[in-house]
Protein chains: 2
Amino acid sequence: MQTRLTIKDIARLSGVGKSTVSRVLNNESGVSERTRERVEAVMAQYGFSPSRSARAMRGQSDKVVAIIVTRLDSLSENLAVQTMLPAFYAEGYDPIMMESQFSPELVAEQLGMLRRRNIDGVVLFGFTGVTPEMLQPWQSSLVIIARDAPGFASVCYDDDGAVQLLLQRLYELGHRHIGFLGVPDSDTTSGMRRREAYMAFCQRNGVTPRIAQPGVTMVKGYEHFTDVLTPETTAVVCATDTLALGAGKYLQEHPEMHIQLASIGYTPLMAFLHPEIVGASLGYAEAGRRAAAQLMGQITRQAELKQIVIPVTLN
Amino acid sequence: MQTRLTIKDIARLSGVGKSTVSRVLNNESGVSERTRERVEAVMAQYGFSPSRSARAMRGQSDKVVAIIVTRLDSLSENLAVQTMLPAFYAEGYDPIMMESQFSPELVAEQLGMLRRRNIDGVVLFGFTGVTPEMLQPWQSSLVIIARDAPGFASVCYDDDGAVQLLLQRLYELGHRHIGFLGVPDSDTTSGMRRREAYMAFCQRNGVTPRIAQPGVTMVKGYEHFTDVLTPETTAVVCATDTLALGAGKYLQEHPEMHIQLASIGYTPLMAFLHPEIVGASLGYAEAGRRAAAQLMGQITRQAELKQIVIPVTLN
DNA sequence: CTGTTAGCGCGTTCAC
DNA sequence: GTGAACGCGCTAACAG
């Protein structure tokens, strides 16, 4: 591997000083149009690109951000990451990935390591157990997704709106006895918040609530589907698509039941297996875009720490 | 943010010279036990960690590797990445992620960018269209997964073995008329290779082959499932779990058919939806581990470019 | 407008 | 064994 050429070489090759090359590189003013063009031509010709490490050492930033997902095989998070990556690359930032596995301790450790590495920013997929304290050092260079924390930038999903949207649709379709298959309250957003939104709707519309919060897995959805059924029940809202898959399997095995399912989260898999389900999309892709944009704003322009809520859409 | 302390500070604080600290840092010999301990104590006390950028500038390596997945939402690839990440972190390497979206052009572009960035190594999830030529510059610091290329290190799945294992099992179960629902030959491994393995088995065992290769999606599996059926057919092998999900749905809607499904790839989703399916696991997690180990070996110890094949297991 | 100079934090000779 | 000096590629301050 031949030694890469440096800013000095470019300077020599284009007959100028190093600092002029540096100025051109950073689009600084104070360089005549002619020299700028000449230098740029030489750089292009030799395919020159400055050493990241050297710049990082002078400035502060090594232009690296971290994305901490809860689980690499979480479909929803992947959809968000998918839109994040190009956004980061477009700004010249390298995204490194980590997996928190829903462990607050692991996150604390990872954040520590990232701080020592002098990383520029972090996108963290939140979950129950991450406390504002552990995020404190990152306040100005962190965006948290799926959770909000006071004083931090965040991109959240509209749990409340999603539940309302689904219930309203079911209501319009004539359903008056609607059960709710949910996640335990220990999960703030997908658990408690969605349940509360359901209860609020019931109260407003004189619907008798019927709730079960068995867990997060397909199996739980399958086994506890009947928990939310009364003889009058004609529809059930599932708090997550995973639960909905469980419920869907139960219904498939009981074709006589004719219960309308609704679900927060609508994946291609669900569209294929259960096209009849009414689904609400939380806008993962959009969340990724917004999170990346927000973080870049904070890093490069001290943008204010906004709390963003992604609008829901019905499928 | 207060200015981080440097090797110089540590030197001053422990009453030695910079180079001694440097030696301790790199575990070099030629430092008395006493001073080493003293310096290490100081480093620990102040939580010192050397600047990556500065080291990168001196040596070659910035200790960054890239992982190029085809799609972020590919479950199989995620399982491999999941085991890769800790392996990289354990060696002090930061893994940055990219998505190729099955586009050879994109990969070429990404590899170019990575080369300019002076990245240490790449794990590439292969697919049809990536040519050895574009990988050439990376020969010594690349591991390709799911494809093999002559002269490159690779970690491959045992397509042949998986098909054989499944067919053999079905055969043992008494099935003699077994169809094959596959992926088009344009995909070398999951398409052609698996089909050929099927045909070879049929030939050896006097089974009449019955093949369809409609595509890769669930919908294709669903719509073309009947293509591989004859009145005698009692079992069907699906080349991928995605196809199997499609076929499974078809069977669920036709409970009278009683056809035994078998599939390459066995996910929790499938275990839940279709526990009756005979599945072969390709060993994604193991592949991730091996790939990371192989790459680290190549980078740090010029390990030879091995072509690794992960053994299949039956579920 | 442009070239020169001085470091950034670290690794690497060299002398001591 | 250990420290002082030098330079990596780049940016920032200062001269011209």
Side-chain angles (χ1 to χ4, degrees), chain A residues 1-43 46-64 92 115-120 300, chain B residues 1-43 46-64 92 115-120 300:
Chain A
M1 183 170 86
Q2 81 223 335
T3 167
R4 297 164 44 106
L5 22 64
T6 79
I7 174 177
K8 198 158 81 184
D9 301 317
I10 301 297
R12 190 171 34 75
L13 287 167
S14 44
V16 300
K18 295 191 309 179
S19 40
T20 303
V21 178
S22 176
R23 290 190 186 99
V24 172
L25 222 44
N26 300 335
N27 275 319
E28 281 175 25
S29 61
V31 182
S32 77
E33 205 44 48
R34 294 225 328 284
T35 31
R36 179 180 299 273
E37 278 172 10
R38 190 149 40 93
V39 173
E40 275 171 346
V42 175
M43 295 200 307
Y46 290 86
F48 168 78
S49 74
S51 147
R52 285 171 78 78
S53 1
R55 329 187 85 173
M57 210 174 74
R58 287 307 296 126
Q60 306 287 26
S61 161
D62 35 1
K63 295 204 125 196
V64 174
R115 204 186 48 67
R116 284 191 294 279
R117 298 260 171 103
N118 224 29
I119 293 280
D120 295 301
T300 64
Chain B
M1 183 171 82
Q2 82 224 335
T3 166
R4 297 163 44 105
L5 21 64
T6 78
I7 175 176
K8 198 158 80 185
D9 300 318
I10 301 296
R12 190 170 34 74
L13 287 166
S14 44
V16 298
K18 295 191 309 180
S19 35
T20 303
V21 179
S22 174
R23 290 191 185 98
V24 173
L25 222 44
N26 301 333
N27 276 317
E28 281 175 24
S29 61
V31 182
S32 75
E33 206 44 50
R34 294 228 326 286
T35 31
R36 178 180 298 272
E37 279 171 12
R38 190 148 42 90
V39 173
E40 275 172 346
V42 175
M43 296 200 307
Y46 290 86
F48 168 77
S49 74
S51 148
R52 288 172 76 77
S53 2
R55 330 189 83 173
M57 211 174 74
R58 289 304 294 123
Q60 306 287 26
S61 162
D62 35 1
K63 294 203 127 198
V64 174
R115 206 186 47 69
R116 283 192 294 279
R117 296 258 172 106
N118 224 29
I119 294 279
D120 295 300
T300 64

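Within every chain, numbering begins at 1; the chains are lettered A, B, ... in the order of the sequence lines, protein sequences first and strands thereafter.
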Asker: Which is true for A/Val16 with a 4.0 Å heavy-atom rule: it touches a base, it touches only sugar-phosphate, or it touches nothing?
Answerer: sugar-phosphate

Asker: Testing the basics here: between B/Glu40 and B/Val24, what is the closest heavy-atom pair and its distance to 0.1 Å?
Answerer: CG-CG1, 3.7 Å

Asker: Could you check whether B/Ser19 gets within reach of a base, just the sugar-phosphate, or nothing at all, counting any heavy atom under 4.0 Å?
Answerer: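 Here B/Ser19 touches the bases of the nucleic acid.
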
Asker: Expressed in angstrom and rounded to an integer, what is the separation of A/Met43 atom CE from D/dG9 atom P?
Answerer: 17 Å

Asker: On a heavy-atom basis, which atom in B/Arg4 and which in A/Arg115 lie closest, and how many Å separate them?
Answerer: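 Shortest heavy-atom contact: NH1-O, 3.7 Å.
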
Asker: Of all the nucleotides listed (D/dG9, C/dC10, D/dC10), which has the minimum atom distance to the side chain of A/Pro50?
Answerer: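 Nearest nucleotide to the side chain: D/dC10.
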
Asker: Touch check for A/Glu28, heavy atoms < 4.0 angstrom, all strands: base, sugar-phosphate only, or nothing?
Answerer: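 A/Glu28: backbone/sugar contact only, no base atoms under 4.0 Å.
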
Asker: Shortest non-hydrogen contact from B/Val16 to B/Val39?
Answerer: CG2-CG2, 4.0 Å

Asker: Are any of A/Ser22's side-chain N or O atoms less than 4.0 Å away from OP1 or OP2 of D/dA12?
Answerer: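 Answer no for this pair, as no side-chain N or O of A/Ser22 is under 4.0 Å from OP1 or OP2.
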
Asker: Rounded to whole Å, how long is the line connecting atom CG of B/Asn26 with atom P of C/dT12?
Answerer: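 So the two atoms are 7 Å apart, to the nearest Å.
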
Asker: Whole Å only: how far is the CG atom of A/Asn118 from the P atom of C/dG9?
Answerer: 11 Å

Asker: Find the distance A/Arg12:CZ to D/dG9:P and express it as a whole number of Å.
Answerer: 12 Å

Asker: Of all heavy-atom pairs between B/Ala56 and A/Ser53, which one has the smallest distance, and what is that distance?
Answerer: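 Closest approach of B/Ala56 to A/Ser53: CB-CB, 3.7 Å.
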
Asker: Would you name the heavy atoms of B/Lys63 and B/Ser61 that are closest together and state the gap between them?
Answerer: N-OG, 2.9 Å

Asker: Measuring to OP1 and OP2 of C/dG3, would you say a side-chain N or O of A/Thr20 lies under 4.0 angstrom away?
Answerer: yes

Asker: Starting at the 5' end of DNA chain D and moving along, which residue's nearest nucleotide shows up first, A/Arg23 or A/Phe48?
Answerer: A/Phe48

Asker: In whole angstrom, what separates A/Lys8's NZ from C/dT2's P?
Answerer: 21 Å

Asker: What nucleic acid atoms does A/Ser53 come within less than 4.0 Å of, heavy atoms only: base, sugar-phosphate, or nothing?
Answerer: nothing

Asker: What is the distance from CG of A/Asp9 to P of D/dG9, rounded to the nearest Å?
Answerer: 8 Å

Asker: What integer distance in Å separates B/Arg58:CZ from C/dC8:C1'?
Answerer: 13 Å

Asker: Which nucleotide in the list D/dG3, D/dC8, C/dT2 gets nearest to the side chain of A/Ser32?
Answerer: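 Of the candidates, C/dT2 comes closest.
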
Asker: If you compare every side-chain N and O of B/Arg55 against the phosphate oxygens of C/dG11 (OP1, OP2), does one of them come in below 4.0 Å?
Answerer: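 True: B/Arg55 side-chain N/O within range (under 4.0 Å) of C/dG11 OP1/OP2.
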
Asker: Here's a test of your reading of the structure: between A/Val31 and A/Lys18, which maps to the more 5' nucleotide of DNA chain C?
Answerer: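 Mapping each residue to its closest nucleotide by heavy atoms, the 5'-most match is A/Val31.
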
Asker: Using atom CZ of A/Arg36 as one end and atom C1' of C/dT2 as the other, report the distance to the nearest whole Å.
Answerer: 13 Å

